[in-house]
Amino acid sequence: MTVLTSDASARLPALRGRILRMIHDAQAGHPGGSLSVIDLLAVIMLDKGRFTGDPDLRDWLVLAKGHAVPALYAMLVELGDLEEPELATYRHLGSRLQGHPDRRKTPGVQVSTGHLGQGLSVALGIAMGELRRDSGRHVWAVAGEGDLHEGQSWEALMAAAHHGIGDLTVVVDANGLTQHGPVGRIMGLEPLVAKLESFGWATVEADGHDPVAFGSALDEVRADPRPGAVIARTVKGHGVSFMENVREWHSRGLDEDELRRALDEIGEG
Amino acid sequence: MPAKTDVYGDLRAPREMIGSTLVGLIDAGEDVVVLDGDLGLSTRLGPVEDAHPERLVQLGVAEQNAMGVATGLSYTGVRPVFVSMAMFALALPWTQLRQAAYAGAPVVVIGTHPGVDMGPDGGTHQCLEDLALARAVPELVVLTPADSAQTASAIAWAVRQSEHPVYIRVGRHPVAQLYTADEEFVPGGHAVIADHGGRALIVTEGSTASLGRDAADILDERGIGTRVVHLPSLKPLDAEGIRAAASGCDLVVTVENHSVIGGLGDAVSGVVGPQGARVERIGTPDVFGMSATGDEMRESFGLTPDAVAARIDAWLSTPSLGGTAR
């Protein structure tokens, strides 16, 4: 199970480039959280999960932090569900690429999300349903710290452990910065590992920007019969120096100059 | 077997059918999973617990999570049925239900104890707003069955389809039996449950259907002939049927166990109002409920046959401010 190399690593510059161009073309979007989560999605969807082939046999990906949808669209191009040119329609009138994931509009999007705190419950329901049919389809839910500010997330975490739903992995994109400021100042969540452990989850912390280390953490919690959580420590706006850890880049479009500078930094100029 | 407190002579509380109907559907092969938020005694889930304990998933007092779990289950082909009191089945997790509808998730939500049916628990728990909240959600089917038999057939219809999310409003208050078990449920229609004449059309939702019928009987004894219609669903709404039933009537009266804001009255007004019909609404006014028995609440808010008949009599005796329904 354990892979010491990562297919995802080589693809990250191209994936980041798609995110930046999309948000530039839309003149709106959420670049910070998309750039922190893309490394996690790449490892989950390219290295660890089953996201190609028959859609009825694939694993499930629930992007609870739905505002980071450019990262999901970038992945869907990688997986062949979308074609690159369509990304330019993100957030435009009539587009299949909505501002938050929409399973009814976008090929490859499995679950509609957007209201923080609701994604983990939906992921739990899917995992319960797949368990009923013994399908072996794993459910991966990717949450942000904002999701964990919503009480419903903790209802879902409690219920998953209570019902012993092991085929569910929650990844927290812990970039430490919500819209208005540092998480610790907005509403402290730490010690997150201890909290999740106390809720009955096998929980491991990892560097979210180290694909091998993050992949090993996923392997470790999946090997545990309890539901698994990985607290992925990430950097908001990762890879673009002027965006990193700057709250204004939570939600903002890029102008021509910013796009050029950002693409240069990630090696996609 | 119906619980004792659901049967009062000829009157029965429609909630008596919830558990037994779900057991029947499971026995018939439907992939039903029932979600409970620790209210299974009040919502009559005992039969499921007894016959198919593995189909009753207990989620505790956490309704937002329950609605999300229902959404996820529906994606895997399971038919999730979340059962709670109207306040906690619909009002509390409203955004979660809205998101389910947005995502096209065919969840089934059963809300019991609607309107003043919660009685002594008081204004905190009396959900006088569920129809308004439900009607506002696009694509949500809103069912208002009138009695035990129709409650069973409405639940069966909702489970057997998988195209729409469905809210089913199921009364706690015992009512007369108007339908028979062999009638197939069809959303979107209307049923004429009494027809003494065309002075007024009385339009009812499920938990006021027998009330409307009894009021029409009283009016008939006074020589005032009215027609009573029950709407088994508010969405879809049988606009053509309502207009046809109202044709020639001097007055259209809506009677609902709900606030006069946003529910049956607004739905019917939107249909016959543009035709110039005079529409009057009977329901709870724009206030919160309070602790009292359900019967006392009905007395207070004029939701009794005598009070409804008296108001209709008075309206018919005063000149119309609007036109006549055509």
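Proteins get letters first, then strands, A, B, ... in listed order; numbering begins at 1 in each.
- Looking at heavy atoms from C-beta onward, Tyr102(B) lies in side-chain contact with Asp102(A) at the 4.5 angstrom threshold.
- Heavy atoms from other residues, nucleotides or ligands lying under 6.0 Å from CD of Glu163(B) number 12 at most.
- Using modelled atom types, one finds a donor on one side chain and an acceptor on the other under 3.5 Å when comparing Gln152(A) with Gln96(B).
- Of the residues considered (Arg137(A), His115(A), Met128(A)), His115(A) shows the highest number of contacts with chain B, using heavy-atom pairs under 4.5 Å.
- Heavy-atom distances place the side chain of Arg133(A), and not its backbone, under 4.5 Å from chain B.
- Residue Asp54(A) qualifies as enclosed at atom CG: its count of foreign heavy atoms under 6.0 Å is above 12.
- Options Gly125(A), Gly151(A), Ala156(A) differ in how many heavy-atom pairs under 4.5 Å they form with chain B, and the most are formed by Gly125(A).
- For chain A, no part of Ser74(B) is nearby; none of its heavy atoms comes within less than 4.5 Å.
- Annotation: Leu79(A), atom CG; neighbour count of heavy atoms from other residues, nucleotides and ligands within 6.0 Å is above 12.
- Residue Glu30(B) qualifies as enclosed at atom CD: its count of foreign heavy atoms under 6.0 Å is above 12.
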Could you walk me through whether Val33(B) and Arg132(A) pass the side-chain contact (heavy atoms from CB on, under 4.5 Å) test, one step at a time? CA-CA 10 Å; Val33(B) 169; Arg132(A) 273 183 62 70; 3.7 Å; yes
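- Contacts between Trp60(A) and chain B at a heavy-atom distance below 4.5 Å involve the side chain alone, from C-beta outward.
- A heavy-atom distance below 4.5 Å is found between the side chains of Thr95(B) and Gln118(A).
- The residue among Thr71(B), Val57(B), Asp31(B) with the most heavy atom pairs within less than 4.5 Å of chain A is Asp31(B).
- No side-chain heavy atom of His162(A) sits under 4.5 Å from any side-chain heavy atom of Leu59(B).
- The distance from atom CE of Met67(B) to atom OG of Ser121(A), rounded to the nearest 0.5 Å, is 11.0 Å.
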